[in-house]
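Right, one structure below, let's go through it.
No hydrogens, no waters, no symmetry mates; every other heavy atom, side chains included, goes into these values. Sequence lines set the chain letters: A, B, ... in the order given, protein chains first and strands last, and positions in each chain run from 1.
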There are 2 protein chains.
Amino acid sequence: MTLETEVVTTIFKDLSFNPEEIQLLVRSFEKLHLPKNSLLLEAGQYVHDQYYVAEGCLRTYYIAPDGKEHTVQFAISDWWISDYTAFFNGSKALMHIECIQEATLYKISKNDMESLYQAIPQLESYFRKKMERSFASFQKRIIANLSQSATKRYLSFIQTYPNIEQNVKNYHIASYLGITTQSLSRIRKELVQE
Amino acid sequence: MTLETEVVTTIFKDLSFNPEEIQLLVRSFEKLHLPKNSLLLEAGQYVHDQYYVAEGCLRTYYIAPDGKEHTVQFAISDWWISDYTAFFNGSKALMHIECIQEATLYKISKNDMESLYQAIPQLESYFRKKMERSFASFQKRIIANLSQSATKRYLSFIQTYPNIEQNVKNYHIASYLGITTQSLSRIRKELVQE
DNA sequence: GTAGTTTATTACCATAGGTCAACTTTTTTG
DNA sequence: CAAAAAAGTTGACCTATGGTAATAAACTAC
C-alpha cells in the first residue's frame with residue numbers, strides 16, 4: 001500500500017477528497033514505527049506533533065512531584081494521541097507518551113494541521129467533532145472519578161476497553177483509575193470471590 | 001445597545017464580520033434573563049442549545065444514583081455552558097444546570113450553530129480552538145483529581161476562580177472538588193490555623 | 001427585627017484506599 | 001532452561017475523607 005492510500009483509507013476513511021487534497025494530505029503525514037517500551041514524548045519537550053495510531057497501544061502519563069505516575073489516556077488503533085495541552089498551547093509537555101505495544105503511527109505537525117484546516121474545510125469540521133467527542137468522554141470520566149468507587153471505575157474500565165486489558169500492565173490500569181496496584185489487586189480478588 | 005451590537009461586541013469581540021454575517025449571527029441568538037436559583041436545564045431533557053454567559057453565574061451538576069450532587073462546571077461571564085455531552089451527541093441530558101447568580105445569557109441552537117459554521121468558516125475555527133482549550137483544562141482537572149489531595153485541589157480552585165468563591169455555596173465547591181462539605185470545612189479550618 | 005429556614009461548622013466514629021514490606025508469580029534475558 | 005528482573009499479590013497497619021448528628025451561624029421572609 002502506498003502512503004497515499006494508507007492515509008486516505010485509514011485515517012480519513014469516512015471522508016472523501018479530490019486529487020489535490022489527497023496530495024496535500026499525504027505530504028503532511030509521516031509514517032513511523034515504534035518499538036515496545038520506547039518513549040514517543042517526554043515531559044519538558046515542545047510538542048509539535050500529534051499522532052494517529054494505526055496499530056499498537058500507547059499511553060500518555062503524568063509524573064507528579066511525588067514521583068507517582070498517572071495515566072491520562074490510552075490510545076489504540078484509530079485513536080489520536082499527543083500531549084494536547086502542550087500541543088494546543090504551544091507550551092512544553094507535562095506528560096510522557098510511552099509505547100506499550102509495538103506501534104505504527106502517522107505523525108502530523110500543528111503547522112501542517114492548521115494549513116490543512118485552511119485548505120480543506122471539511123477537515124476542520126472533522127476535527128472539531130472529534131474534539132467534541134473527546135470533550136464529552138473526558139467529562140464523563142470526571143463525573144465517574146467524582147462519583148464512583150474504585151471498584152466501579154475498574155468495572156467500567158474493563159467494559160469500555162475490553163481489549164486493552166490484555167496488553168497493559170496492572171499498574172497502568174491502576175494509575176488510570178487513580179489507585180495503587182495493591183488496591184487494584186484487592187479489588188480484583190474481591191470481584192473473583194463474588 | 002441593540003442585540004446586534006451586543007452579540008458582535010460581547011460574544012465575538014475578538015472576531016470581525018461583514019454586514020451579512022452580522023445579520024446571520026444576530027438571527028441565531030436569543031437573549032434571556034435567568035433569576036437566581038432557577039433551573040436552565042434538567043436531566044432527561046433533550047439539549048438543543050448552548051448558552052453564552054454575559055453576566056451572572058451558573059453551574060452544571062450531575063446527580064448520582066445515590067442522590068449525591070457532583071458539580072462538573074461553573075460558568076461566569078464570557079463562558080459557555082450546556083450539557084455538552086448531550087448537546088453534541090443529540091442525547092438526553094445527564095446533568096442539571098442551575099443559575100447561582102441572576103444571569104444574562106445568549107442562547108443558540110445546535111442547528112443554528114452548524115449553519116453558522118457553514119456560512120462563516122472563521123466561526124468553526126473559533127469554536128474548535130475553544131474546544132481545544134476546554135479539552136486541555138479538563139485534562140488538567142483529571143490530572144489534579146488523580147494526583148492531588150483535597151487541600152491542594154481547594155487551593156488551586158480558589159486560585160483559578162478567585163471571584164467565584166464569594167458567589168457560590170460551600171457545597172457547590174465541595175461537590176466540584178469531590179469531597180463533602182464537612183471535609184471542606186475541616187480543610188478551611190486547617191488552612192486558617194497554619 | 002424575630003421566627004424560620006438554609007448553610008456551615010464541629011465532633012466522633014467508620015471505611016476506602018494508601019503505605020510498607022514480604023512473598024509469589026510471570027516475564028525477560030543470556 | 002536457569003537466573004535475574006519485573007510485575008502482581010497479600011497482610012498489617014495507617015490516614016484522609018466519609019457518615020451521622022448536634023450545634024452554630026447566616027440568610028429570608030413576614
- Item | Test ring pair (Phe, Tyr, Trp, His ring centres under 6.0 Å) applied to A:Tyr126 and A:Tyr117, A:Trp80, A:Phe12, the passing residue | A:Phe12
Please report the distance, rounded to the nearest Å, between [atom1] in [X] and [atom2] in [N].
X	N	atom1	atom2	result
A:Leu184	C:dA16	CG	C1'	14 Å
B:Gln101	D:dC27	CD	C1'	13 Å
A:Glu69	D:dA7	CD	P	10 Å
B:Arg153	D:dA16	CZ	C1'	11 Å
A:Tyr171	D:dT9	OH	P	14 Å
B:Ile179	C:dT9	CD1	P	12 Å
B:Asp66	D:dG19	CG	C1'	12 Å
A:Glu190	D:dG11	CD	P	12 Å

Nearest to the [X] side chain among [options], which nucleotide is it?
X	options	answer
B:Asn170	D:dT10, C:dA8, C:dG17	C:dA8
B:Thr181	D:dG18, C:dT9, C:dG17	C:dT9
B:Lys189	C:dA11, D:dG8, C:dG18	C:dA11
B:Ala150	D:dG8, C:dG17, D:dT17	D:dT17
A:Lys36	D:dG8, C:dT28, C:dT9	C:dT28

- Message: Please determine whether any donor N or O and acceptor N or O are separated by less than 3.5 Å between the side chain of B:Arg186 and the base of D:dG18.
- Response: yes
- Item | Presence of donor-acceptor pair under 3.5 Å, side chain of A:Arg188 and base of D:dG8 | no
- Message: It should be established whether B:Thr180 places a side-chain nitrogen or oxygen under 4.0 Å from OP1 or OP2 of nucleotide D:dG18.
- Response: yes
- Can you find a side chain N or O atom of A:Ser183 that sits less than 4.0 Å from OP1 or OP2 on C:dG18? yes
- Message: In terms of relative ring orientation, are B:Phe87 and B:Tyr84 parallel, tilted or perpendicular, with 30° and 60° separating the classes?
- Response: perpendicular
- Query: Which value, rounded to the nearest 0.5 Å, describes the distance between A:Thr181 atom OG1 and A:Arg186 atom CZ?
  - Reply: 9.0 Å
- Contacts of A:Ile187 and B:Gln182 projected onto DNA chain C by closest heavy atom; the upstream (5') one is B:Gln182
- First of A:Lys68 and A:Lys169 reached from the 5' end of DNA chain C, by closest nucleotide: A:Lys68
- Decide, yes or no, whether a salt bridge links A:Lys13 with A:Asp78 under the criterion of side-chain N to carboxylate O below 4.0 Å. yes
- Item | Carboxylate-amine/guanidinium proximity below 4.0 Å for A:Glu102 and A:Lys36 | no
